[in-house]
**Q** 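My questions will all concern the structure given below.
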Amino acid sequence: MLISFLESATKNQIDSVLEYIHSSGNKSQFVNNGNSKTLILLQSENIDIPEIESMQGIKTVKNISASYKLASREGHPNDTIINIDGNLIGEKDFSLIAGPCSVENEKQIFQIAEFLVENNIKFLRGGAFKPRTSPYSFQGLGIEGLKLLGKVKQETGLIIVSEAMDIVAIDQVAEYVDIIQIGSRSMQNFPLLKKAGELKKPVLLKRGFSAKIEEFLLSAEYILSEGNDQVILCERGIRSFNDHSRNMLDIAAIPVINELTHLPLIVDPSHASGKRNLVLPLSKAALVAGSNGLLIEIHPEPEKALSDGIQSLSFNEFRKLKSELTILEQALKQEISN
Ligand code: PEP
Ligand code: MN
């Protein structure tokens, strides 16, 4: 249950509500919520709602059955739209976020940035701190990579996305980027989620590759409950028994997540497939299934990429993807006539 207090609620009024809740054997927890002065998250639900509604200082009382109280659509029926300098992610917008798996050097990242600007793409994603399965694989340029991203942002105005892997680096990442990515492997790094919640910057949260949807939304809840309501979810494929792709894109998760939460959801067909030739068909499927956008890996010379070259699109392939998605988007607006 979510209890929101009026802006004008006094300490005495709030204390009376707390006393009532505790005396009826319930547990409560204050959470930060941008829209409401104070909010209490109850862990037990056997309580008299009209009784609380009638108390002084109360704005709304909502009974929410989902465990993820703030992420749930039950308490927040309208879609959340993330607005970054007038660029929207969510609801009817379909956002393309593209860039290299890793920032490799100045020439490479500027080549990509210029390509994106030429093609009217607003969001650049590039990894500076890379979570790699093997300790011998390229680990990213770290702070040097962030500085290059900062330079790109300054010179092009592109909106920058990059991953933070731990609570130490997240402050540095936040300094240089517009959207902080939390990767699949970190989806249940709870201290990192809490820190991302405190930072008040948009967060792109990727689904853990073995996470259920409820676990995914509870991870988003960690960020929301620290007072950061700017969370973008990313479906990036889950582990399966198949061996024809790197992961299995959970297409059904798109409509399911859209039904369960108000948060925007984008899809990463690059990591889901691990194969360049699968990126376009999976992108189309994601658009049709209701995704709010895509995260696509691109590289000027994919065969020379320091990480994930096999799944990265060349510039020409990305142009083709954009134009085919534009045609598809138009087609989806058409009515079927007999
Ligand atoms: C990435 O986006 O660079 C990445 C490593 O993806 P994931 O966390 O989904 O594996
Ligand atoms: Mn990658």
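In this text the structure is predicted, and so the values were computed from the model without any measurement. Just follow the structure's listing: the first ligand is 1, and inside any ligand the first atom is 1.
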**Q** Determine whether the side chains of Thr10 and Asn12 contain a donor N or O and an acceptor N or O closer than 3.5 Å.
**A** no
**Q** Checking side-chain polar atoms at under 3.5 Å, does His271 have a donor or acceptor matched by the opposite partner on Ser184?
**A**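 Short answer, no.
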**Q** Assess the side chains of Ser67 and Glu214: does a donor N or O sit below 3.5 Å from an acceptor N or O?
**A** yes
**Q** Any salt bridge linking Arg207 with Asp250? Criterion: basic side-chain nitrogen under 4.0 Å from a carboxylate oxygen.
**A** yes
**Q** Write out the residue and atom name of the closest protein heavy atom to atom 8 (O) of ligand 1, then the distance separating them to 0.1 Å.
**A** Ser184 N, 2.8 Å
**Q** Compute the shortest N/O to N/O distance between Arg185 and ligand 1 and return yes if it is under 3.5 Å, no if not.
**A** yes
**Q** Could you check whether Lys194 pairs with Glu198 (Lys NZ or Arg NE/NH1/NH2 to Asp/Glu carboxylate O, under 4.0 Å)?
**A**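 Between Glu198 and Lys194 there is no salt bridge, as every charged N stays at least 4.0 Å from the carboxylate O atoms.
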**Q** When only distance counts, is Asp268 in polar contact with ligand 1, meaning an N/O pair under 3.5 Å?
**A**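 It does not: no N or O of Asp268 is found under 3.5 Å from an N or O of ligand 1.
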**Q** So with a 6.0 Å cut-off around CD1 of Ile310, is the heavy-atom count from everything else above 12?
**A** no
**Q** Measuring from the heavy atoms of Arg207, does anything fall under 4.0 Å of ligand 1?
**A** no
**Q** Tell me the nearest of His271, Lys130, Met165, Arg236 to atom 9 (O) of ligand 1, using heavy-atom distances.
**A**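 It is Arg236 whose heavy atom sits nearest to atom 9 (O) of ligand 1.
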**Q** Counting no waters, what protein N/O/S atoms lie under 2.8 Å from the Mn ion (ligand 2)?
**A**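 You should have found Cys101 SG, His271 NE2, Glu297 OE2, Asp308 OD2.
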**Q** Going by distance alone, is a donor N or O of one side chain under 3.5 Å from an acceptor N or O of the other, for Gln311 and Asp308?
**A**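 Asp308 and Gln311 do have a side-chain donor-acceptor pair below 3.5 Å.
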**Q** Do you know which of Glu163, Gln172, Gln181, Gln139 makes side chain to side chain contact (heavy atoms under 4.5 Å, CB included) with Phe129?
**A**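 Single pass found, and it is Gln172.
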